[in-house]
Amino acid sequence: MRRRRPGRQPGARCSTAWRPVRRSSCRVAVIELNASPEVGTYLGGPRPRAELERTMPEVPGRRPFAVELDGATIGTIQLDPQDLERPGNRREAGETELGYLFLPEACGRGYATEACAAALDWFAGPLPGEPVVLYTQTANARSMRLAAKLGFTELERFEAYGAEQWFGVWSSVTPTA
């Protein structure tokens, strides 16, 4: 049985496209995301813009969804293999990890919910029942709310990077009792 996904938010005009991020505006947005103090709050801080501009490839990331609003990139979503070096790694819970970054001006408007739900639905199409995992800091209230809205279930909390971390799992198939 498929879980019900959050619907389109009233007034939301974002779109997701599974494609390599090739346009220069996407590269600029990815640099902005990684250099932003607000975005980096729960990710170990911002990275220096000069370093990002020097080292960021023309096609940033491996396979991101580019999230666009009125033609401008406002965020990225990735579904990638779990990082085996990450503290608290639980490979047995699922091999694919959901990651996302959104520009501060795009936060709080439902775009992340809409775009992440679309990415998870895309993933579940060819891989029904395959779990997806998510890590976030418990102090990141927006990310914790997003995980709940998307239907992630908490598996554990643990300390890493000097803060409490949350680890959850999602599946397109609801377990039977």
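Note that this is a predicted model, so its numbers are computed, not measured.
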If you look at every heavy atom in Thr136 and Ser143, which pair is closest and at what distance? OG1-OG, 2.9 Å
Mutual orientation of the aromatic rings belonging to Phe167 and Tyr135 [parallel < 30°, tilted 30-60°, perpendicular > 60°]: tilted
Within the structure provided, determine whether Glu97 and Asp80 are in side-chain contact (heavy-atom separation under 4.5 Å). no
For the pair Leu150 and Leu98, evaluate side chain to side chain contact (heavy atoms under 4.5 Å, CB included) and give the outcome as yes or no after the intermediate values. CA-CA 11 Å; Leu150 293 171; Leu98 174 68; 4.2 Å; yes
Excluding sequence neighbours, so at least two apart, what forms side chain to side chain donor-acceptor pair (under 3.5 Å) with Ser36? Glu38
Interatomic distance, CG@Asn140 vs CZ@Arg145, rounded to 0.5 Å, equals 9.0 Å
Ser172 to Ala124 - nearest heavy-atom pair and separation: CB-CB, 3.4 Å
Nearest 0.5 Å, please: how far is NZ in Lys149 from CZ in Arg142? 10.0 Å
Give a yes or no on whether the backbone of Gly129 and the side-chain of Ser171 come within a donor-acceptor separation of less than 3.5 Å. yes
Quick one: side-chain contact (heavy atoms from CB on, under 4.5 Å) partners of Ala148, sequence neighbours excluded? none
Where Leu146 and Cys116 come nearest, the two heavy atoms and their spacing: CD2-SG, 4.1 Å
So, do Arg47 and Thr55 sit near enough that their side-chain heavy atoms are less than 4.5 Å apart? yes
Between Ala35 and Leu52, which heavy-atom pair has the shortest distance, and what is it? N-CD1, 3.7 Å
Using a 4.5 Å cut-off on heavy atoms from C-beta on, say whether the side chain of Val67 contacts that of Tyr100. no
Which atom of Leu120 lies closest to which atom of Trp170, heavy atoms considered: O-CH2, 3.5 Å
Residues at least two apart in sequence or cross-chain that pass side-chain contact (heavy atoms from CB on, under 4.5 Å) with Glu130, listed by chain then number, are Phe123, Leu127
Using the side-chain contact (heavy atoms from CB on, under 4.5 Å) criterion, which residues pair with Arg157? Sequence neighbours excluded. Thr138, Met144, Glu154, Glu164, Trp166
Please report the shortest heavy-atom distance between Leu134 and Phe152, naming the atom on each side. CB-CE2, 3.5 Å
Taking only residues two or more places apart in sequence, or in another chain, which ones meet Leu103 in a side-chain contact (heavy atoms from CB on, under 4.5 Å)? Glu32, Leu33, Glu105
